[in-house]
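The block underneath contains the structure these notes are about, expressed in structure tokens.
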There are 2 protein chains.
Amino acid sequence: MNSEFTLAIHSLTLLALQPDRMSTSDAIAESAGVHPVRIRKVLSLLKKHGFIKSKEGNGGGFIFALDLEKVNLWDLYKTTSEGTLQPKCPESNEQCIVGANMQRVLFAIFLGAEEHMGEYLKDYTIKEVIDLINQEQ
Amino acid sequence: MNSEFTLAIHSLTLLALQPDRMSTSDAIAESAGVHPVRIRKVLSLLKKHGFIKSKEGNGGGFIFALDLEKVNLWDLYKTTSEGTLQPKCPESNEQCIVGANMQRVLFAIFLGAEEHMGEYLKDYTIKEVIDLINQEQ
DNA sequence: CTTACTGTAATAATAAACGTTACAGAATGA
DNA sequence: TCATTCTGTAACGTTTATTATTACAGTAAG
């Protein structure tokens with residue numbers, strides 16, 4: 001699984017817990033244990049899809065833009081990782097009936113798998129993630 | 001997705017189409033477009049789990065050992081790729097409530113996702129894969 | 001006893017992921 | 001106005017994961 005997906009979850013969860021002030025990429029990076037530039041790259045995607053707002057300059061940062069019960073993990077998966085379940089098959093032998101067609105068959109199967117996983121991920125909103133985090137305490 | 005999974009599917013599909021003779025790792029590698037040693041490594045796993053039989057020496061090779069309607073993609077996923085859906089989170093900040101608990105929460109969620117995907121993959125047996133390959137013709 | 005295989009370890013090459021540096025642009029406040 | 005603190009990106013370097021390759025022991029057949 002693409003780790004941008006988990007960084008997106010992590011970032012949004014943090015932002016959801018700070019609903020009334022801007023959080024900087026440095027602070028989020030500190031919590032997630034990765035480099036701030038990477039966080040900014042992921043947040044740039046989230047902003048493009050309307051999950052968050054950002055503000056440049058002194059006192060700027062990122063803030064959650066939507067209702068945390070309306071954002072689910074499937075939304076985030078589609079934004080950060082769609083298609084990554086798909087295995088990267090090497091070019092196989094076109095002379096062989098299996099080699100020639102396996103790629104297409106697997107593509108269709110994994111597309112279905114991704115959609116099916118989507119149904120599962122839709123059940124987890126950021127609110128649920130926060131509840132789970134609090135249960136761990 | 002782990003590419004050993006797709007190599008397992010590819011190999012078993014080929015073997016299922018040659019039920020009455022041994023296939024060599026060279027022949028399978030040729031069809032799949034990868035190195036024979038890699039195929040032997042994957043087939044070694046499949047043998048360990050009883051999906052195939054092998055024979056060394058001249059005239060040897062690999063042959064399917066089970067009913068092709070009884071082997072499904074979830075069996076193969078478990079054999080080759082179990083746990084690979086799990087993202088590898090970096091060590092996050094234990095001082096932060098989110099950083100300290102996110103890893104455990106995500107682990108549980110992705111474990112559920114894998115099980116859920118299992119239900120989908122169980123619907124595809126090697127027989128179904130072969131049917132799909134033939135439909136592509 | 002040679003040839004054609006599997007089985008597996010070790011190493012080399014390649015590709016993907018990730019971290020780091022650099023710098024432009026925007027907002028703030030002194 | 002100008003220093004400071006942010007975002008936004010591109011470019012580059014480093015590390016890690018994946019894959020290919022080499023090497024060789026062991027087995028069976030003819």
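Just the heavy atoms: all of them, side chains too, but no hydrogens, waters or symmetry mates, feed the values below. In this text the structure is predicted, and so the values were computed from the model without any measurement. Every chain is numbered from 1, with letters handed out A, B, ... down the list of sequences.
Residue A/Lys48 is out of contact with every strand shown, counting any heavy-atom pair closer than 4.0 Å. Among the atoms of the strands shown, only primed sugar atoms or phosphate atoms (P, OP1, OP2) are found under 4.0 Å from some heavy atom of B/Lys55. Using a 4.0 Å heavy-atom criterion, one finds that B/Arg40 contacts the bases of the nucleic acid, with or without backbone contacts as well. Nucleic acid contact class of A/Lys53 (heavy atoms, under 4.0 Å, all strands): none. Within the nucleic acid shown, A/Gly59 has no heavy atom closer than 4.0 Å to any nucleic acid atom. Within 4.0 Å (heavy atoms only), A/Val37 reaches at least one base atom of the nucleic acid.
Where B/Gly57 and B/Lys41 each meet DNA chain C at their nearest nucleotide, the meeting point lying more 5' is that of B/Gly57. Each of B/Ser3 and A/Leu43 lies near DNA chain D, and the nucleotide nearest A/Leu43 is the one positioned closer to the 5' end.
For the residue pair B/Ser3/B/Arg38, the side-chain donor-acceptor check at 3.5 Å is satisfied. A donor-acceptor contact closer than 3.5 angstrom is absent between the side chains of A/Glu115 and B/Tyr120.
Per the geometry, CG belonging to A/Asp26 stands 14 Å off C1' belonging to C/dG19, to the nearest Å. Between the CZ atom of A/Arg38 and the C1' atom of C/dT20 there is a distance of 13 Å, rounded to whole Å. Whole-Å rounding puts the B/Asn58 CG to C/dC1 C1' distance at 13 Å. The distance from atom NZ of A/Lys88 to atom C1' of D/dA17 is 10 Å, rounded to the nearest whole Å. Rounded to whole Å, the distance from CG on A/Leu46 to P on D/dT7 is 14 Å. One atom, CD1 of B/Ile63, and another, C1' of C/dT6, lie 15 Å apart when rounded to the nearest Å. Spacing between atom CD1 of B/Ile28 and atom C1' of C/dG7 amounts to 14 Å, rounded to whole angstrom units. Distance NE2 (B/His35) to P (D/dT21): 5 Å, rounded to an integer number of Å.
Within a 6.0 Å radius of NZ in A/Lys78, more than 12 heavy atoms belonging to other residues, nucleotides or ligands are found.
Taking only side-chain atoms of B/Glu56, from C-beta outward, the nucleotide of D/dT27, D/dT7, C/dT20 with the closest atom is D/dT27. Out of C/dG7, D/dT7, D/dT22, the shortest distance to the side chain of B/Lys47 is found at C/dG7. You'll find that the side chain of A/Thr24 is closest to D/dT7, out of D/dT19, D/dT7, C/dG7.
Distances shown here put a side-chain N or O of B/Ser25 below 4.0 Å from the OP1 or OP2 atom of C/dT6. Contact annotation: A/Ser44 reaches the phosphate of D/dT9 (side-chain N/O to OP1 or OP2, under 4.0 Å).
In this structure, B/Leu45 is not a member of the same hydrophobic cluster as B/Phe51, with clusters built from ILVMFWY side-chain heavy atoms closer than 4.5 Å.
Classification of the A/His116-B/His116 ring pair by plane angle, with boundaries at 30° and 60°, yields parallel.
Shown here for B/Ala32 and A/Pro90, the closest heavy-atom pair between the two residues is O-CG, 3.5 Å.
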